[in-house]
Amino acid sequence: MDYRKFASFNVIGAIIWTCSFVGAGFFFGNLPAVKHNFTLVVLGIVVVSVLPVIYEIWQGIQEDREEKAAEQRKVEGTEK
């Protein structure tokens, strides 16, 4: 793909992305439930945004434990 085509798609995608989220924000921002519970909506967005980070940290911890257990089994196997 040449750069001109890539740049065109990039700009068009950015415009569509921006317009869709501004429209969704306008629509959902005018709902009475969202207006009255705006703090909960913001907290929900923050929690959903942080979940991937927490998952990756947890996955890293699990992998470290598995590596340490494999190393321990290897050491115990060579000592016998």
Side-chain angles (χ1 to χ4, degrees):
M1 177 184 303
D2 65 334
Y3 182 72
R4 180 179 220 136
K5 188 174 183 180
F6 167 76
S8 299
F9 283 140
N10 197 17
V11 169
I12 291 168
I15 291 170
I16 292 170
W17 179 267
T18 303
C19 291
S20 64
F21 275 91
V22 167
F26 178 77
F27 173 74
F28 287 112
N30 285 326
L31 293 175
V34 174
K35 283 184 177 181
H36 297 303
N37 300 309
F38 188 70
T39 303
L40 293 176
V41 171
V42 171
L43 288 175
I45 291 170
V46 169
V47 167
V48 168
S49 299
V50 172
L51 282 177
V53 175
I54 294 171
Y55 176 76
E56 288 296 324
I57 291 171
W58 178 76
Q59 192 175 22
I61 291 170
Q62 293 298 98
E63 288 174 2
D64 287 344
R65 286 182 182 168
E66 289 174 5
E67 288 175 7
K68 287 180 182 177
E71 288 176 9
Q72 185 65 30
R73 286 191 301 270
K74 188 176 182 180
V75 168
E76 289 174 355
T78 57
E79 290 180 356
K80 290 182 180 179

Quick check: is Phe27 connected to Val41 through a chain of hydrophobic side chains (ILVMFWY, heavy atoms under 4.5 Å apart)? yes
Keeping to residues at least two apart or across chains, list the side chain to side chain donor-acceptor pair (under 3.5 Å) pairs with something in residues 52-63. Gln62-Arg65
Treat each ILVMFWY residue as a node, draw an edge where side-chain heavy atoms are under 4.5 Å apart, and state whether Phe28 and Ile45 are in one component. yes
Just how far is it from atom CG of Asp64 to atom NZ of Lys68, taken to the nearest 0.5 Å? 6.0 Å
Common cluster, Phe9/Tyr3, ILVMFWY with side-chain heavy-atom separation under 4.5 Å: yes
Are Phe26 and Val22 packed together at the side-chain level, in the sense that at least one heavy-atom pair is separated by less than 4.5 angstrom? no
Could you grab the distance from atom CG of Asn10 to atom CD1 of Ile15, nearest 0.5 Å is fine? 10.0 Å
When rounded to the nearest 0.5 angstrom, what is the spacing between CG in Asp2 and OG in Ser8? 8.5 Å
Flag, side chain of Ser20 to backbone of Trp17, donor-acceptor distance under 3.5 Å: yes
